[in-house]
6 protein chains.
Amino acid sequence: MRIRVINPNTTASMTTLIEASARAVAGPGTVVEAVTPAMGPVSIESHYDEALAVPGLLAEVIAGERDGVDGYVIACFGDPGLDAAREVAAGPVVGIAEAAMHAAMLAGRGFSVVTTLGRTAGRAHDLAQRYVAAGGCRGVHACEIPVLELESDPTVLPRVVDLARAALESDGSDVIVLGCAGMAALCADVSKQVGVPVIDGVTAATLLVQSLVTLGVHTSKRDEYARPEPKRYTGTLAAFGTT
Amino acid sequence: MRIRVINPNTTASMTTLIEASARAVAGPGTVVEAVTPAMGPVSIESHYDEALAVPGLLAEVIAGERDGVDGYVIACFGDPGLDAAREVAAGPVVGIAEAAMHAAMLAGRGFSVVTTLGRTAGRAHDLAQRYVAAGGCRGVHACEIPVLELESDPTVLPRVVDLARAALESDGSDVIVLGCAGMAALCADVSKQVGVPVIDGVTAATLLVQSLVTLGVHTSKRDEYARPEPKRYTGTLAAFGTT
Amino acid sequence: MRIRVINPNTTASMTTLIEASARAVAGPGTVVEAVTPAMGPVSIESHYDEALAVPGLLAEVIAGERDGVDGYVIACFGDPGLDAAREVAAGPVVGIAEAAMHAAMLAGRGFSVVTTLGRTAGRAHDLAQRYVAAGGCRGVHACEIPVLELESDPTVLPRVVDLARAALESDGSDVIVLGCAGMAALCADVSKQVGVPVIDGVTAATLLVQSLVTLGVHTSKRDEYARPEPKRYTGTLAAFGTT
Amino acid sequence: MRIRVINPNTTASMTTLIEASARAVAGPGTVVEAVTPAMGPVSIESHYDEALAVPGLLAEVIAGERDGVDGYVIACFGDPGLDAAREVAAGPVVGIAEAAMHAAMLAGRGFSVVTTLGRTAGRAHDLAQRYVAAGGCRGVHACEIPVLELESDPTVLPRVVDLARAALESDGSDVIVLGCAGMAALCADVSKQVGVPVIDGVTAATLLVQSLVTLGVHTSKRDEYARPEPKRYTGTLAAFGTT
Amino acid sequence: MRIRVINPNTTASMTTLIEASARAVAGPGTVVEAVTPAMGPVSIESHYDEALAVPGLLAEVIAGERDGVDGYVIACFGDPGLDAAREVAAGPVVGIAEAAMHAAMLAGRGFSVVTTLGRTAGRAHDLAQRYVAAGGCRGVHACEIPVLELESDPTVLPRVVDLARAALESDGSDVIVLGCAGMAALCADVSKQVGVPVIDGVTAATLLVQSLVTLGVHTSKRDEYARPEPKRYTGTLAAFGTT
Amino acid sequence: MRIRVINPNTTASMTTLIEASARAVAGPGTVVEAVTPAMGPVSIESHYDEALAVPGLLAEVIAGERDGVDGYVIACFGDPGLDAAREVAAGPVVGIAEAAMHAAMLAGRGFSVVTTLGRTAGRAHDLAQRYVAAGGCRGVHACEIPVLELESDPTVLPRVVDLARAALESDGSDVIVLGCAGMAALCADVSKQVGVPVIDGVTAATLLVQSLVTLGVHTSKRDEYARPEPKRYTGTLAAFGTT
């Protein structure tokens, strides 16, 4: 089976990291290919960035459908364009926030999210309200390190560990969810130091997509996620139209 | 004061209708200008259309900020790009679903939405969950008339009236919300025939924005809706970057 | 159009302040008249006071209907008698807690209420549960200054400012709602000092009623808010009966 | 122990019926006294009636405190004045909707309310949201018989039975709650014919108050239900003031 | 009437204490008999203990049905086996967490639970979500004293009092619920020292069962709580089968 | 890796079927072993059956821990003993209702459960409230075929198909969840005939456990799911004690 992991920002080095994480957990029969969109923001740190990451991401899904891709991972913790991608794709599409929150609910009673910038906390809460039962997401905590500095900043690991420990105490949670695809590489170290399950969405989503494809479970095309109506698009985005 | 009403689809005749509705209710000191984006879908009938309407819409907000606009209405019932627009704009931004649902909650105990296509019902429910108290939105009902046929199809009024009457009965609701900017012109007729308040979001949102500007209430710039971080964008959307 | 702003307590000096606030924002064609009930408590600081303010308030609505009033504001943050007033009035009726909470939800993601006495916090939470989506009201904080001392106590402004700042931090909110009609005059100063939108319900409600009248949106008379059945009343309240 | 059952309307024959129901279940050491207020509506069938029933009801609680009453039942299904009465009384105060809904949740998984007029259904839903866990109240159904005709109309029993049966089916409920104090006498007959537990609030509330007094559990006077602040009242209601 | 109070653990001295509490509040016509199961854990401090306490508890209910018992109290704060016992018993069955939480909601606006071990807090929150309206249970606080040391440890009272005081402050609650049957004897002392109502579930449940029996309200046998289907059981538990 | 799938009832032929389903989806490195408990009911169709299935199930988990099992599936749609099993096991434990509901939420916007007996619907709703976001489970529908007749009754498939079609219409759902482990074999046929994703929990849970083990995500041992305290057990269940 072929799973396309889409990094919705346009920073290729981050795509490389994401691909490595996804490949590390995929089963023997699964081909994981990570892609970088041809347009959009170099990192996603606001609703504005997230909205403008979606066209590039959808172009990758449209291309994937032509290429016979079996399922998709959206590898940004805001899960941008998830609903639209589900309309376009024949197979399953899973966001990494969605996957991480699902996994967290199987590992404990309530989780805390440790993320990059505080301004994205509202989005994390919105997603939790959509994905998990009430009371599952018990807090969102930011280390205030910009996404593109996660790789290079040597203080990231200790700061995330400290934040995770404090979150468990203040929130009464028992699982940590990492709130950025760029934190995937930290997962094992944080878990070892903090002593509770720590969930990275990239690996969790890759295995969820692999499982859904194995089960033959695609997105329901009844009503909401039916393929978009054919229609004319204008201007710079004309190529997204179907007539 | 100057209010920009953005029709997020690229059909200019619909912008004209929306402008007429908005102007009909604006106060004497309010200048209403409706605009059509330079790119995007000719109508919005799916998550895909909605996501791809946002770049064109945000371009209009960015332009409006340069032009000294005081507040914005997003005139599509899916309220596309609302969060992103709030980050970009200094003044208030209100979506027509948001405005209509707020007004409906002041006019009765629970409302039914009468909309165009059934596939958009999930989006309406999602917005209701975000905007109003639990139990406020009691049902979403579709007449299955595509957006661009609303103007020309003579059966629209009787079908909307029938649907509204049935919705009040089945949902136990006491107010009707029209679920498409293209239905604005029907509002008074439906209300007269059905005998309950019927809310059109275009007029409701225009007056809400006018009121917020009068009150001096802008979007809070604390955390989530702070202006987006300056950042490079690539490819077709490079112009949305700030460096 | 004619809007009657009812101060549900019997302190005329407070009515004067409320009237000034309301008139300052009303449109050119709107006549605002604030009234003081002929019976009831001099201030409202408990469920007991609130319950006993309602007969005097309803008498003003009944009188307003005879006088051709187009809409009503209930200018006490507990919104006393709102449901009953909606049954009696032909036009819209809006409470100031209702209006302030609606406006707050358009200005940010979550608000904190800063109010007078801690014992009224439960009522504020109850109203928030009815008026806004879950998670909107993130905290209620009391300065413990009695209603009738708000005007004369020079420490009110700094205490409200301090409380507002602390509330934003502890609640993770981004908007402040003033929890008493008697705080209306502080609104601009608190907002300037705290740096986030601060909502006063008197002005917010006046503009909401004005907007609803402009839109032609009255209270739905289907079922719950139909005019009360004619009926005999006895004793001191006999005048409220209709036979 | 002495329990005062207050019929909040001013129809003495209904007070007599209520007293009989309450006395039939009270323990040997319990004195039940039902009272009729000196002012207010002859029946309660709207928010207006309910609001104007409260002064007369509170006068009975104030008198009860002077008389050494140990606890109170508010015998109207809208539970008018419950919060205010809890501030005034030293001992427990229980409303009949509250008691009936609590009992129903101990007898099954979800209940349907069978009540008099459809216009009161919204109030029943509001009370259920306050009193019981989500999903407990599964429907409210009205026989459209005015309160004062319950006693004389011979079709009441069969209509209530039919409505109860239909409600169990349509709502998927397993318990019936009678939605009016005037239906207390029907309770055993409806239960026998319908075959599920049927709850009358008058008897349920009487035993709850008796139990709370036995347990020594009074209303908490911390914050919200503390005794009202002493204060001047004006006009017709001046007697309710304390200075 | 005959009420069987089942202590689901197998420590007879605790049964004796529970029986004394229950008898102290029961009415003159009520016979209270407390029983200890013949199998199971000596105390219940985990989901594992709770699950394995249920067979012994159900055996006592089955025996009670043969003995003509009118109603049952399950005297462990986790309310183990409540649903199963309701299927087996003809009369009412009430858990002590259920009873305590119901009573607390009649005594104030929100309660805090003070319990033994922190690991049981999740269970208390789950029960609160099932039994009471949202917002009723405002916190669960553990003194970390094992159940079987409650009787002998002289520091229990002061620690519970301190914890209760802190909980009222931090949770903004106004009632305390004791989270273990073994704390029943502390109830009056804690209430006196803390100054708010303190609820013990053993006494509360005994009076609720007594009231339900007096009202003639049994568990609804429609659907979910119908008697279990006759069926073969195997192995050590074969005696629980009916064929 | 080694996954133990526990059929909580004692019917070995059902265990065989479950094992086949689980093995069909497991990855190449995964050993699936299905087990039948040594004690308990031959089928689970009530709370009573479910409660009494737990000791036998826990014995299998305890044995599995000795045997080096990596993770467990609880293969009954009521997910009996899930919390207790999580305390006992070092690795992940997933129930089939839990897994099916998680998968359904990734495949559409809302699901309907098609199950065996109507009396179990309440349990399904309770589990949905715990596992998925509000609004996810839109209905539970029973074909009223006892669990042990699923295998032999030739009308099962057409009845389940009809029920599924009706459920999608009446509930407005877009995914079907099969509500019994005994329906696993029907999954592909129902999906083909109904045209939407149909989820069987046995396969879904097997892949979830496999994924969690691959991710290194075990149950958090912080607080609630810590290993049970060592303790004496008495009577027939003495073997479950640890001293």
Side-chain angles (χ1 to χ4, degrees), chain C residues 9-11 36-59 61 80-88 117-123 126 129-130 142 146 148 222-229 231-241 243, chain D residues 9-11 36-59 61 80-88 117-123 126 129-130 142 146 148 222-229 231-241 243:
Chain C
N9 74 36
T10 56
T11 298
T36 310
M39 57 176 135
V42 294
S43 65
I44 298 177
E45 297 173 321
S46 63
H47 293 290
Y48 178 83
D49 292 342
E50 201 174 301
L52 291 163
V54 175
L57 178 148
L58 290 177
V61 178
L82 180 59
D83 283 324
R86 282 189 171 146
E87 291 175 334
V88 172
L117 302 188
R119 67 180 295 160
T120 67
R123 177 70 180 161
D126 288 350
Q129 185 177 30
R130 173 166 173 180
L148 296 184
R222 185 181 160 87
D223 283 340
E224 185 163 348
Y225 293 131
R227 286 193 60 78
E229 306 295 317
K231 159 174 317 181
R232 197 164 61 84
Y233 274 64
T234 66
T236 308
L237 298 173
F240 285 93
T243 57
Chain D
N9 74 35
T10 55
T11 298
T36 310
M39 57 175 133
V42 295
S43 67
I44 299 179
E45 298 174 319
S46 63
H47 294 291
Y48 179 83
D49 292 342
E50 199 173 302
L52 291 163
V54 175
L57 177 149
L58 291 177
V61 178
L82 179 61
D83 283 324
R86 281 188 172 146
E87 292 174 335
V88 172
L117 302 188
R119 66 179 297 160
T120 67
R123 177 70 179 162
D126 288 351
Q129 185 177 30
R130 174 166 173 180
L148 296 184
R222 185 182 162 85
D223 286 340
E224 185 164 347
Y225 293 130
R227 284 193 61 78
E229 305 295 319
K231 147 174 330 178
R232 197 164 62 83
Y233 274 64
T234 66
T236 308
L237 298 172
F240 286 94
T243 58

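Chain identifiers are assigned alphabetically (A, B, ...) following the order of the sequence lines, protein sequences preceding nucleic acid strands; residue numbering begins at 1 within each chain.
Counting heavy-atom pairs closer than 4.5 Å to chain D, the top-ranked of the candidates C:V42, C:D126, C:T234 is C:T234. If you tally non-hydrogen atom pairs under 4.5 Å between each of C:L52, C:D223, C:L237, C:N9 and chain D, the highest count goes to C:L52. Chosen from D:A84, D:G118, D:A53, D:G235, the residue pairing most often with chain C at heavy-atom distances under 4.5 Å is D:A84. Counting heavy-atom pairs closer than 4.5 Å to chain D, the top-ranked of the candidates C:A226, C:A51, C:A85 is C:A226. Across D:P37, D:G81, D:P55, D:P41, the residue that shares the most heavy-atom pairs under 4.5 angstrom with chain C is D:P41. Top candidate by heavy-atom pairs under 4.5 Å with chain C, chosen from D:E224, D:R130, D:E45, is D:E224.
Looking at C:S43, both its backbone and its side chain come within 4.5 Å of chain D, counting heavy atoms on both sides. The part of D:A38 that comes within reach of chain C is its backbone (N, CA, C, O), which places non-hydrogen atoms under 4.5 angstrom from that chain. Proximity to chain D (any heavy atom under 4.5 Å) is restricted, for C:V88, to the side chain, taken from C-beta onward. Within the 4.5 angstrom heavy-atom criterion, only side-chain atoms of D:V54, from C-beta onward, approach chain C. Contact annotation for C:T10: only side-chain heavy atoms (C-beta onward) come within less than 4.5 Å of a heavy atom of chain D. With a threshold of 4.5 angstrom between heavy atoms, D:L57 does not approach chain C through any atom at all. Only the side chain of D:E87 comes within contact range of chain C, with at least one heavy atom under 4.5 Å from a heavy atom of that chain. Heavy-atom distances place no part of C:R222 under 4.5 Å from chain D, backbone and side chain included.
Looking only at distances, a side-chain donor or acceptor of C:R119 sits under 3.5 Å from a matching main-chain atom of D:R227.
Each of D:V61, D:D83, D:L58 was checked for a side chain to side chain contact (heavy atoms under 4.5 Å, CB included) with C:Y48, and the lone residue meeting it is D:L58.
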Item to check | side chain to side chain contact (heavy atoms under 4.5 Å, CB included) evaluation trace for D:H47 with C:R86 | outcome: CA-CA 9 Å; D:H47 294 291; C:R86 282 189 171 146; over 6 Å; no

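Residue D:K231 comes nearest to C:D49 through the heavy atom pair NZ-OD2, 2.6 Å, listed as atom of the first residue, atom of the second, then distance.
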